[in-house]
Amino acid sequence: MVEYQSIQQRGFHNTYDEDGNINGFEFRFVPNYYKGLWFTQCRFGNVTVDGEVIDRDELIYEYDCLEYTREEMFDLKKYWQFRTPIVVKVRKPGGLEIGYYEIKM
């Protein structure tokens, strides 16, 4: 099923480290742009969860099964296809409790 929101509900969950402890959460993101674009054109910002700002340097981006930091995204010579989501991984000890959140990026 195709979702048209930028921050998608599908794929939203906590992440775990090697010991099984919750070390953050992840979600899928699709830009509102009407066609694809180069990653070198993108300037990813902070993530806000219910008013709590998570610094953009704490984020990891996954595209095409490879992970990148924000700095690595500036030099990434790949084309971001239209409606193809990236996975945004947020480092936040304890992750998020079950419930509804207002998330902005």
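Note that the structure is predicted; figures quoted are calculated from it, not measured.
When hydrophobic clusters are built by joining Ile, Leu, Val, Met, Phe, Trp and Tyr residues whose side-chain heavy atoms come closer than 4.5 Å, directly or via intermediates, Tyr101 is grouped together with Phe29. When the side chains of ILVMFWY residues are joined at heavy-atom separations under 4.5 Å, either directly or via intervening members, Ile86 and Phe12 end up in a single hydrophobic cluster. Transitive grouping of hydrophobic side chains (ILVMFWY, heavy atoms separated by less than 4.5 Å) keeps Val87 and Val90 in distinct clusters.
Residues Glu72 and Arg70 are not paired through a salt bridge, judged by the lack of any N-O separation under 4.0 Å between the basic side chain and the carboxylate. Salt-bridge check for Lys92 with Glu58: failed, with every basic side-chain N at 4.0 Å or more from each acidic carboxylate O.
In this structure, the separation between OG1 on Thr69 and CD1 on Ile60 is 6.0 Å, given to the nearest 0.5 Å. We find the CD-CE distance between Gln41 and Met73 to be 12.5 Å, quoted to the nearest 0.5 Å. Interatomic distance, CH2 of Trp38 versus NZ of Lys77, reported as 9.5 Å (0.5 Å rounding). Between atom NZ of residue Lys35 and atom CG of residue Leu37 there is a gap of 9.5 Å, rounded to the nearest 0.5 Å. Atom-to-atom distance recorded for Phe74:CZ and Arg43:CZ is 5.0 Å, nearest 0.5 angstrom. Glu18 CD to Asn23 CG: the interatomic distance, rounded to the nearest 0.5 Å, is 8.0 Å.
Tyr61 has its ring centre less than 6.0 Å from the ring centre of Phe44.
Closest heavy-atom contact between Arg56 and Asn46: N-OD1, 2.9 Å. Pairing each heavy atom of Pro85 with each of Trp80, the nearest pair is C-NE1, 4.5 Å. The minimum heavy-atom distance between Thr15 and Phe25, with the atom names listed, is OG1-N, 3.7 Å. Closest of all the heavy-atom pairs between Tyr100 and Asp50 is O-OD2, 4.2 Å. Closest of all the heavy-atom pairs between Thr40 and Asp75 is CG2-C, 4.2 Å. Pro31 and Arg83 get closest at one heavy-atom pair: O-NH1, 4.1 Å.
Within the 4.5 Å cutoff, the side chain of Phe82 has no heavy atoms near those of the Thr84 side chain. Looking at heavy atoms from C-beta onward, Ile103 lies out of side-chain contact with Thr48 at the 4.5 angstrom threshold. Side-chain contact between Met105 and Val88 is present, with heavy atoms from C-beta onward closer than 4.5 Å. Side chains of Lys104 and Glu102 form a contact here, defined as non-hydrogen atoms less than 4.5 Å apart. Gln81 is listed as a side-chain neighbour of Tyr63, based on a closest heavy-atom distance under 4.5 Å.
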task: Might you work through the side-chain contact (heavy atoms from CB on, under 4.5 Å) test for Leu76 and Tyr68, ending with a clear yes or no?
output: CA-CA 9 Å; Leu76 188 60; Tyr68 305 95; 3.5 Å; yes
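In this structure, Asp55 contributes its side chain and Asp57 its backbone to a donor-acceptor pair below 3.5 Å. Not a single donor-acceptor pair under 3.5 Å links the side chain of Asp17 to the backbone N or O of Ile22.
More than 12 heavy-atom neighbours from other residues, nucleotides or ligands sit within 6.0 angstrom of NZ on Lys78.
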